[in-house]
Protein chains: 4
Amino acid sequence: MGRTRTLHAVDDDADAGSTRGRRDLEARERIMASTLKLLQERGYARLTIEGVATDAAVGKATVYRSWPNKAALVLAAVQDRLADVPTAPTGDTRAELLAVAEQAMARFYGSGEVRLVLPALLGEAAREPALLERLRTEVLEPRNARARAVVERAVARGDLPADTDVPMVLEQWAGYMLFRGLWHDDPLPEGTVERLVDATLASPPRRAVWQGK
Amino acid sequence: MGRTRTLHAVDDDADAGSTRGRRDLEARERIMASTLKLLQERGYARLTIEGVATDAAVGKATVYRSWPNKAALVLAAVQDRLADVPTAPTGDTRAELLAVAEQAMARFYGSGEVRLVLPALLGEAAREPALLERLRTEVLEPRNARARAVVERAVARGDLPADTDVPMVLEQWAGYMLFRGLWHDDPLPEGTVERLVDATLASPPRRAVWQGK
Amino acid sequence: MGRTRTLHAVDDDADAGSTRGRRDLEARERIMASTLKLLQERGYARLTIEGVATDAAVGKATVYRSWPNKAALVLAAVQDRLADVPTAPTGDTRAELLAVAEQAMARFYGSGEVRLVLPALLGEAAREPALLERLRTEVLEPRNARARAVVERAVARGDLPADTDVPMVLEQWAGYMLFRGLWHDDPLPEGTVERLVDATLASPPRRAVWQGK
Amino acid sequence: MGRTRTLHAVDDDADAGSTRGRRDLEARERIMASTLKLLQERGYARLTIEGVATDAAVGKATVYRSWPNKAALVLAAVQDRLADVPTAPTGDTRAELLAVAEQAMARFYGSGEVRLVLPALLGEAAREPALLERLRTEVLEPRNARARAVVERAVARGDLPADTDVPMVLEQWAGYMLFRGLWHDDPLPEGTVERLVDATLASPPRRAVWQGK
DNA sequence: AAGTAAACGAGACGGTACGTCGTGTCTTCCG
DNA sequence: CGGAAGACACGACGTACCGTCTCGTTTACTT
């Protein structure tokens with residue numbers, strides 16, 4: 001499942017069936033590669049579409065034809081580099097949770113790529129609801145869905161109480177990683193993920209009961 | 001003796017003697033006000049120094065004379081609008097912790113101003129260590145120091161275990177707020193802060209012992 | 001055969017094939033027109049490339065793309081407005097000389113356009129040999145060549161002595177006109193050209209004989 | 001009665017008694033020197049008052065206090081460097097005329113200083129009648145007056161016809177020199193002045209008779 | 001000798017223009 | 001006919017000077 005490529009701005013058109021020219025596949029590849037390269041070299045703010053076009057030996061129009069602005073371009077380029085969230089059931093709940101927290105979150109929010117791009121994207125998203133929506137549905141939600149499944153499995157197994165607030169568990173973990181990723185250069189101290197997971201196992205957040213009131 | 005003149009953001013003051021030339025104090029005020037105003041209207045990315053200068057009825061050079069770039073300007077403008085962290089001891093540990101988490105963090109990371117500015121600033125900081133350093137020492141650290149004091153008081157009172165990892169407590173709280181602030185438009189659901197604080201009181205993170213190994 | 005368009009700085013390339021891109025021919029026209037208009041209104045010193053661009057409803061880059069600086073722009077704009085030097089042989093030497101002196105020189109050096117532009121250009125040329133060279137080869141020399149032909153015809157006819165210093169004749173005439181044009185507002189007194197020509201016919205400068213020594 | 005204070009170049013004077021305040025006489029000297037120095041280095045167009053002030057270690061206001069603009073400043077600086085016109089009667093008309101043409105004109109219009117400054121000044125004068133007037137009365141006329149005296153002496157002696165158009169003689173000579181000075185880098189060919197003078201002695205321009213008609 | 005007032009250096013101020021770069025659109029020409 | 005090349009109008013960049021202004025400081029002339 002899961003779309004391999006999404007591109008374009010908000011509405012990604014449905015160029016699905018139109019299987020047109022394979023010829024330009026190279027161009028697209030070159031653009032993606034140049035985007036990532038220049039992102040590393042200059043950071044989001046100093047990345048320019050002109051620069052990408054030049055570096056990719058491509059006309060500017062070719063870039064604009066596929067992505068309406070820098071955010072869309074960068075989002076597309078970053079999109080598939082994202083490592084997958086491990087969900088395979090191993091029977092060992094703690095191990096599964098650790099794997100999720102470690103590989104899905106620590107590695108994600110701690111990676112240079114994300115730190116270089118995500119804040120900038122979220123910064124723009126604060127002004128552009130469409131972008132925020134895309135980020136949520138295309139970046140956050142897919143990852144969260146798989147992580148959620150793992151935690152819910154732990155609940156089903158009885159390793160976490162039935163009224164565990166699963167989304168909040170994830171947000172607590174991810175929030176901590178994001179915070180560290182943004183505010184600090186250095187990687188997480190060893191053992192951090194374990195302590196996070198163990199704290200949750202010891203005393204997980206419960207769903208609020210008076211919520212409905 | 002130290003800095004001959006720095007002005008720039010934060011510390012203008014102090015340059016007592018070196019105040020030769022015209023030194024229009026109103027200009028600085030107008031610039032700060034215009035910066036905040038345009039920040040709201042356009043967001044960080046679309047904020048322009050030229051625009052600020054025009055809006056403030058000020059020469060561009062006057063802006064550049066005091067702040068070397070957009071980040072410094074915005075940082076200075078945002079700086080003092082930040083609400084204080086409440087630290088008054090009331091005797092009630094839970095109430096104190098709630099006050100800190102609520103007023104120092106939820107309100108801070110949830111505010112539109114911060115959401116509009118902080119990610120962008122952090123995004124630039126990923127490329128500019130100097131900026132990151134300033135953000136840490138001038139924004140994060142001052143707030144954290146006061147919050148830390150409150151939590152440490154709770155430890156001293158015995159309401160939290162002696163080996164509580166105080167910094168991590170704060171980072172967990174703040175991380176969650178930051179995460180929500182960045183990824184979601186809507187305010188925190190009611191009761192969230194309470195649940196966060198209570199979870200910490202029930203099972204706080206402990207300092208890692210094997211750290212040294 | 002006279003070049004139809006010259007533009008650019010010194011070396012006007014011969015950009016034959018390289019005409020990719022939009023190439024708005026009207027833009028050039030508008031720029032030339034605005035340049036001349038603002039030259040009249042403000043004079044060379046107060047002429048601004050920014051002003052020209054604005055007046056011509058053209059981006060600044062479009063101006064800079066074709067002319068590297070104000071001098072080149074103005075030179076190009078003035079270039080073709082220059083009236084031609086009459087050379088048609090009429091059989092009447094005195095009449096031909098008068099025509100040349102009158103139309104090629106008096107009208108040229110006496111015209112407001114020239115007075116407004118030439119000194120400034122020559123002033124810059126004093127610092128920029130390339131500009132001086134262009135002025136000589138593109139403004140002075142073409143005009144002189146044709147005037148020289150007329151005077152040489154007079155020599156061939158025997159109306160002037162064989163050892164007449166033809167260049168000096170022209171420089172004397174032009175020098176006088178230039179002097180008057182620069183130092184005085186008012187037009188030449190009537191009959192001046194006649195007196196100049198007649199003085200030359202009566203006693204033309206001879207080529208120096210001892211020159212080789 | 002007009003002008004309350006003019007100072008500008010030439011006539012500073014007049015402020016006799018009112019010399020309260022500091023009055024740093026050296027400042028003026030330094031300004032003049034810096035002006036000439038930078039004029040040589042950069043030419044008129046690239047000379048800036050700011051640059052002069054800095055180079056002279058003087059406040060900008062000090063420059064503006066004495067000269068209202070660049071033209072006035074430069075005019076003042078150049079003013080007194082001008083060599084004198086030799087007028088001493090030697091009895092030998094041809095020698096006297098040669099001395100005038102050589103020293104007053106060839107040297108003047110041929111000098112680098114003049115070539116660097118005069119065209120620019122005249123260029124501005126085309127737009128500013130006041131400046132043209134000053135140039136005429138303070139630069140051209142004083143020199144011309146003395147030269148005229150010499151030529152008139154030649155007329156009185158009978159070495160030139162009584163109806164010689166004396167001003168035109170001077171303008172012819174000066175015009176030729178000016179022309180050469182502006183259009184050519186190289187000095188006058190040897191013997192040029194002699195040929196000019198001799199041509200005039202052989203066939204001087206006469207005053208127009210039919211002028212009144 | 002103390003007071004006072006102008007001129008001084010320094011340089012901040014509101015501006016205009018510089019020459020460059022990037023944006024997003026549009027045109028031309030080549031393969 | 002698709003795409004690179006790049007011209008186009010626009011707008012912002014960061015810098016340099018403009019001419020005016022306000023600072024203290026430094027004379028030199030009153031009183």
Under 4.0 Å between a side-chain N/O of B:Thr62 and OP1 or OP2 of E:dA12, yes or no?
-> no

Going by heavy atoms closer than 4.0 Å, what residues in residues 39-52 of chain B are next to DNA chain F?
-> B:Thr48, B:Ile49, B:Glu50

Round to the nearest Å and state the distance from [X] atom [atom1] to [N] atom [atom2].
X       : N      : atom1 : atom2 : value
D:Trp67 : F:dC18 : CH2   : P     : 15 Å
A:Ile31 : F:dG3  : CD1   : C1'   : 11 Å
B:Lys70 : F:dG14 : NZ    : P     : 9 Å
B:Arg65 : E:dG15 : CZ    : P     : 13 Å
B:Leu73 : F:dA12 : CG    : P     : 15 Å
D:Glu29 : E:dC8  : CD    : P     : 13 Å
D:Glu26 : E:dA7  : CD    : P     : 18 Å
A:Tyr64 : F:dA4  : OH    : P     : 15 Å

With sequence neighbours left out, what residues match D:Leu135 under side-chain contact (heavy atoms from CB on, under 4.5 Å)?
-> C:Trp183, D:Leu75, D:Leu121, D:Leu122, D:Ala125, D:Leu131, D:Val139

Could you list the residues that satisfy side-chain contact (heavy atoms from CB on, under 4.5 Å) with D:Leu116, not counting sequence neighbours?
-> C:Ala126, C:Arg127, D:Gln40

Pairs involving residues 46-64 of chain C, ordered by first then second residue, that meet salt bridge (Lys or Arg N to Asp or Glu O under 4.0 Å) (sequence neighbours left out) | C:Lys37-C:Asp55, C:Arg46-D:Glu128, C:Glu50-C:Lys60

What nucleic acid atoms does C:Ala57 come within less than 4.0 Å of, heavy atoms only: base, sugar-phosphate, or nothing?
-> sugar-phosphate

Between D:Asn69 and A:Ala61, the residue closer to the 5' end of DNA chain F by nearest nucleotide is A:Ala61

Side-chain donor or acceptor of A:Lys60 under 3.5 Å from a matching atom on the base of E:dG24?
-> yes

Residue pair B:Thr35 / B:Leu47: nearest heavy atoms and the distance that separates them = O-CD1, 4.1 Å

Under the side-chain hydrogen bond (donor to acceptor under 3.5 Å, both in side chains) test, which residues partner A:Glu113, sequence neighbours left out?
-> none

Can you name the residues that form a side-chain hydrogen bond (donor to acceptor under 3.5 Å, both in side chains) with C:Glu133, not counting sequence neighbours?
-> C:Arg136

Pairwise side-chain contact, C:Glu124 with C:Leu132, heavy-atom cut-off 4.5 Å (strictly under) = no

